[in-house]
Number of protein chains: 4
Amino acid sequence: MAGSVNKVILIGNVGADPEIRRTQDGRPIANLRIATSETWRDRNSGERREKTEWHNVVVFNEGLCKVVEQYVKKGAKLYIEGALQTRKWQDQTGNDRYSTEVVLQGFGSTLTMLDGRGEGGGDRRGGSDFGGGAPSYDDYGSRPSSGSGSSGGASRSGGSLSRDMDDDIPF
Amino acid sequence: MAGSVNKVILIGNVGADPEIRRTQDGRPIANLRIATSETWRDRNSGERREKTEWHNVVVFNEGLCKVVEQYVKKGAKLYIEGALQTRKWQDQTGNDRYSTEVVLQGFGSTLTMLDGRGEGGGDRRGGSDFGGGAPSYDDYGSRPSSGSGSSGGASRSGGSLSRDMDDDIPF
Amino acid sequence: MAGSVNKVILIGNVGADPEIRRTQDGRPIANLRIATSETWRDRNSGERREKTEWHNVVVFNEGLCKVVEQYVKKGAKLYIEGALQTRKWQDQTGNDRYSTEVVLQGFGSTLTMLDGRGEGGGDRRGGSDFGGGAPSYDDYGSRPSSGSGSSGGASRSGGSLSRDMDDDIPF
Amino acid sequence: MAGSVNKVILIGNVGADPEIRRTQDGRPIANLRIATSETWRDRNSGERREKTEWHNVVVFNEGLCKVVEQYVKKGAKLYIEGALQTRKWQDQTGNDRYSTEVVLQGFGSTLTMLDGRGEGGGDRRGGSDFGGGAPSYDDYGSRPSSGSGSSGGASRSGGSLSRDMDDDIPF
DNA sequence: TTTT
DNA sequence: TTTT
């Protein structure tokens with residue numbers, strides 16, 4: 001369908017260390033559980049209440065999976081941009097079941113760490129695993145510096161996608 | 001959890017005329033099925049391929065439900081902004097089941113019609129039902145023009161939310 | 001125009017302690033400078049490069065301004081959801097000038113603190129100012145618990161916007 | 001800065017036929033003016049009011065520029081996803097000036113046509129210019145079907161980004 | 001002027 | 001079950 005958008009944006013915390021599996025032909029798949037929550041004040045009692053929502057996030061992409069594998073631990077706060085996908089499967093009794101997930105796969109998928117923490121407790125900021133910066137990864141895939149007249153200079157992403165940062169394009 | 005975001009943005013087409021039900025205490029609930037799809041070209045065959053994703057959208061809110069009831073028909077193209085929510089229920093055999101929906105309920109939920117069409121076939125643009133504009137509705141609720149020193153002038157939304165459009169605030 | 005969306009989403013750091021001023025009729029306005037940046041690797045030299053973008057954010061809304069006043073300090077990391085607005089003004093020589101800002105004003109505007117830090121240096125996480133959670137504020141305004149048959153229970157936002165959390169709506 | 005997001009989402013109408021220029025080394029740049037508007041009811045007079053916001057959109061990217069060149073005309077309704085960028089320039093008197101634009105350049109930038117219309121008046125839907133579908137273009141660049149063990153099958157995007165649609169990955 |  |  002022309003003119004279609006399917007986008008999910010989450011900021012939340014990872015509920016457990018991610019699992020990473022591989023397909024038969026070797027591609028990695030990472031599964032994350034991410035919690036978001038909202039708080040509000042009860043209209044009658046005035047009490048503070050909270051509701052947590054858990055999201056299943058599935059990462060298909062070598063680069064993104066590497067980031068997940070190396071840096072994402074239980075408790076990490078993430079920014080996620082992906083798409084909704086519902087897949088159908090059969091339970092043991094052969095009945096159709098459906099699971100909806102946030103998929104980070106194609107174009108526009110992003111995963112950014114919003115803190116340098118892992119494993120719930122300790123704050124790793126400073127004594128960092130990250131060697132100078134929380135990792136962020138956009139789903140570029142293996143986008144190479146192919147053609148399109150990009151003769152030199154910096155490229156954010158390679159190929160015709162990028163405009164050299166130091167170009168002084170007279171626009 | 002502080003610092004949490006749960007946001008879904010969809011642009012897609014409505015698969016069937018919406019159902020609107022009411023809770024026991026009279027509040028309306030609208031259910032929509034929205035299709036998004038993506039197209040791509042097969043790497044090997046070069047064929048054009050398409051994958052459609054169906055989304056369950058649930059609207060809690062009188063104002064939004066009215067818009068849905070009056071204007072949203074099978075085939076309509078909508079912009080939706082809501083939140084992901086998974087609810088648990090029991091099937092006939094007593095097993096736990098989960099359904100994930102895009103909920104338009106609280107703050108920040110939006111539904112906008114991107115065409116003036118309904119009912120699949122006819123293009124109503126021009127000979128419009130809409131009196132000069134496809135309807136759009138943000139989930140303001142019954143936000144009244146309460147207090148907060150807003151003495152006069154226009155208000156986008158009433159209350160302290162709004163800044164009068166014609167004010168010439170020297171910022 | 002029907003079917004219009006104007007949305008900006010930023011995650012970045014505040015460049016300086018916010019300024020808060022008041023209009024003549026007493027409404028607060030907060031101004032923030034927020035930095036976002038992207039990093040990439042130079043295609044030729046292989047060096048890591050970075051480009052920072054500075055955004056002017058203007059907050060109209062008493063509740064949001066209070067959060068800004070109390071919690072947002074230089075260095076804080078924020079999630080911002082607002083709208084683009086360009087205003088025209090005259091410089092000293094009487095020439096038209098334009099400034100584009102991210103406005104948090106009406107419906108859908110949000111500001112969430114992504115860390116509990118302020119004032120650049122110290123990490124306040126743990127010995128927190130926040131009493132157990134970084135503050136987040138949606139631009140609800142003075143949305144009261146008006147009408148719409150909401151007889152009791154919790155409300156996220158008051159009025160017809162909300163569905164009681166503990167309701168067991170059979171949808 | 002790690003953990004940074006700079007995202008603009010617009011749905012609006014194009015104010016004039018786009019201009020497309022080329023850099024000295026031949027790369028295309030398209031400039032669009034897009035209008036969004038919001039309507040509200042005046043709190044006092046009860047009149048319907050409307051405020052239109054104009055956005056400067058700049059497209060760097062061969063693929064996206066082609067779409068703009070071929071399909072985007074005055075009056076077209078677009079979905080745009082890009083980033084905010086402010087550039088500095090000097091006016092005739094040598095004073096610094098700043099212009100803020102929505103840039104469609106790198107990763108995550110999208111342009112989708114939400115109708116098949118061009119040139120304000122006529123509805124081209126049906127007797128379409130589009131040969132069977134309003135065009136949509138994500139900023140993939142020249143992402144080729146490079147390596148990463150993708151042996152065959154369909155790919156949404158080529159390279160390690162994609163998971164073959166017909167794979168039956170047991171996740 | 002932030003952050004890493 | 002939509003749309004192109």
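Order of the sequence lines sets the chain letters (A, B, ...), proteins ahead of strands, with each chain counted from 1.
Per the geometry, CG belonging to Leu78(C) stands 12 Å off C1' belonging to dT3(E), to the nearest Å. When rounded to the nearest whole Å, the span between CD1 of Ile11(C) and C1' of dT4(E) equals 15 Å. Going from atom NZ of Lys51(C) over to atom P of dT2(E) covers 18 Å, rounded to whole Å. The separation between Glu53(B) atom CD and dT4(F) atom P is 20 Å, rounded to whole Å. If you measure from atom NZ of Lys77(C) to atom C1' of dT3(E), you get 6 Å, rounded to the nearest angstrom. Whole-Å rounding puts the Tyr79(B) OH to dT3(F) P distance at 22 Å. One can place CG of Asn13(B) at 9 Å from C1' of dT4(F), the figure rounded to the nearest angstrom. Distance CG (Asp17(C)) to P (dT2(E)): 11 Å, rounded to an integer number of Å.
No side-chain donor from either of Thr86(A) and Trp54(B) sits under 3.5 Å from a side-chain acceptor of the other.
Applying the side chain to side chain contact (heavy atoms under 4.5 Å, CB included) rule to Asn6(D) yields the partners Leu10(C), Thr36(C), Glu53(C), His55(C), Ala83(D), Leu84(D); only residues at least two apart in sequence or on another chain are considered.
Side-chain N/O atoms of Thr36(C) and base N/O atoms of dT3(E) include no donor-acceptor pair closer than 3.5 Å.
Only one option out of Val58(C), Ile20(C), Val72(C) pairs with Leu32(C) in a side-chain contact (heavy atoms from CB on, under 4.5 Å); it is Val72(C).
No side-chain donor-acceptor contact under 3.5 Å links Asp17(B) to the backbone of Lys73(B).
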